[in-house]
Amino acid sequence: MTISRAAESTASAGPITMVRIGGAAALLLAAGYVATMPLFAAVGAPPSGPEARLGYHAGTEATWWAIVALSVLTDLLFVPVSIALYVALRRAGEQAMLLATAFTLMFVVLDLAVTWPGYASLIGLGQQYPAATTADQRAILVAAAGYPDAVLSSP
């Protein structure tokens, strides 16, 4: 199914309804971003390096889980917003709107596949890090944290 067919089937209730749904999703999207700002300010910038990052996440799990949940929600809200924009603006330039919608949906897929699983891995490993009693256990956790730390630290 192509993006245009998916958007047309979604818009079968009427373009005005889809635009309203997209508008409501856009307002929720903005509210989600505003809600994450104080959470990011509360935890501060993460340190570099897997071992330092594990220690950092060990004390901030609840806040980071809230950040991840809100960020996943905001990513998902981009879907109705982009479809509503396509429905509202397709007459102005259908090919351009298809391209814009495709890029937005690609952002959503990549962000959900790369960024937030990396944070979830580091948070989970950070929860286990203080309970590690031997050097071997800590080394295993640091090694496991190496990949998500490298992905999230890369530009």
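Fair warning: this is a prediction, and the values are worked out from it, not measured in the lab.
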Chemist: Q128 side chain to L125 main-chain N or O, any donor-acceptor pair under 3.5 Å?
Modeler: no

Chemist: Could you tell me which non-hydrogen atom of Y56 sits nearest to which non-hydrogen atom of G44, and how far apart they are?
Modeler: OH-O, 2.8 Å

Chemist: Tell me whether T60 contacts the main-chain N or O of T63 through its side chain, where contact means a donor paired with an acceptor under 3.5 Å.
Modeler: no

Chemist: Can you tell me how far CG of L89 sits from CD of E94, rounded to the nearest 0.5 angstrom?
Modeler: 12.0 Å

Chemist: Quick one: are V151 and T115 in side-chain contact, heavy atoms under 4.5 Å?
Modeler: no

Chemist: Give the cluster check for I83 versus M97: same hydrophobic cluster or not, with ILVMFWY residues linked at side-chain heavy-atom distances below 4.5 Å.
Modeler: yes

Chemist: Given side chains that start at C-beta, do those of S48 and R53 come closer than 4.5 Å, heavy atoms only?
Modeler: no

Chemist: What about L73 and W65, same hydrophobic cluster or not, with Ile/Leu/Val/Met/Phe/Trp/Tyr joined at side-chain heavy-atom distances under 4.5 Å?
Modeler: yes

Chemist: Decide whether Y119 and V114 are clustered together by the hydrophobic rule: side chain heavy atoms of Ile, Leu, Val, Met, Phe, Trp, Tyr closer than 4.5 Å, transitively.
Modeler: no

Chemist: Kindly compute the distance separating CZ (F103) from CG (L110), expressed to the nearest 0.5 Å.
Modeler: 11.0 Å

Chemist: Would you say Y33 has more than 12 foreign heavy atoms packed within less than 6.0 Å of its OH?
Modeler: yes

Chemist: Check the side chains of Y129 and E51 for a donor-acceptor pair under 3.5 angstrom, ignoring hydrogens and angles.
Modeler: yes

Chemist: Please say yes or no: joined through hydrophobic side-chain contacts below 4.5 Å, possibly via intermediate residues, are V109 and L77 part of one cluster?
Modeler: no

Chemist: Count I, L, V, M, F, W, Y as connected when their side-chain heavy atoms are under 4.5 Å apart, and connections chain through other members. Are L112 and I123 then in the same cluster?
Modeler: yes

Chemist: Locate the shortest heavy-atom distance separating S121 from P148; write the atom from each residue and the value.
Modeler: CB-CG, 4.1 Å

Chemist: Do F107 and D75 come close enough that some side-chain heavy atom pair is under 4.5 Å?
Modeler: yes

Chemist: Considering non-hydrogen atoms only, spot the tightest contact between M18 and A84 and give its length.
Modeler: O-CB, 3.4 Å

Chemist: When you look at L85 and V19, which way does the side chain to side chain contact (heavy atoms under 4.5 Å, CB included) test go after all the steps?
Modeler: CA-CA 7 Å; L85 285 171; V19 170; over 6 Å; no

Chemist: Heavy atoms only: give me the nearest Q127-E61 pair and the separation to one decimal.
Modeler: CG-CG, 3.1 Å

Chemist: Would you compute the distance between atom CG of L29 and atom CZ of F78 and round it to the nearest 0.5 angstrom?
Modeler: 4.5 Å

Chemist: Looking at OH of Y147 and CG of L152, how far apart are the two atoms once the value is rounded to the nearest 0.5 Å?
Modeler: 9.5 Å

Chemist: Working to the nearest 0.5 Å, report the span between CE of M106 and CG of L99.
Modeler: 8.0 Å

Chemist: Do you know the tightest heavy-atom contact between T101 and S82?
Modeler: OG1-O, 3.8 Å

Chemist: Indicate the atoms forming the closest heavy-atom contact of A26 with V81, along with that distance.
Modeler: N-CG2, 3.4 Å

Chemist: Using 0.5 Å steps for rounding, measure from the CG atom of L28 to the CG atom of L76.
Modeler: 12.0 Å

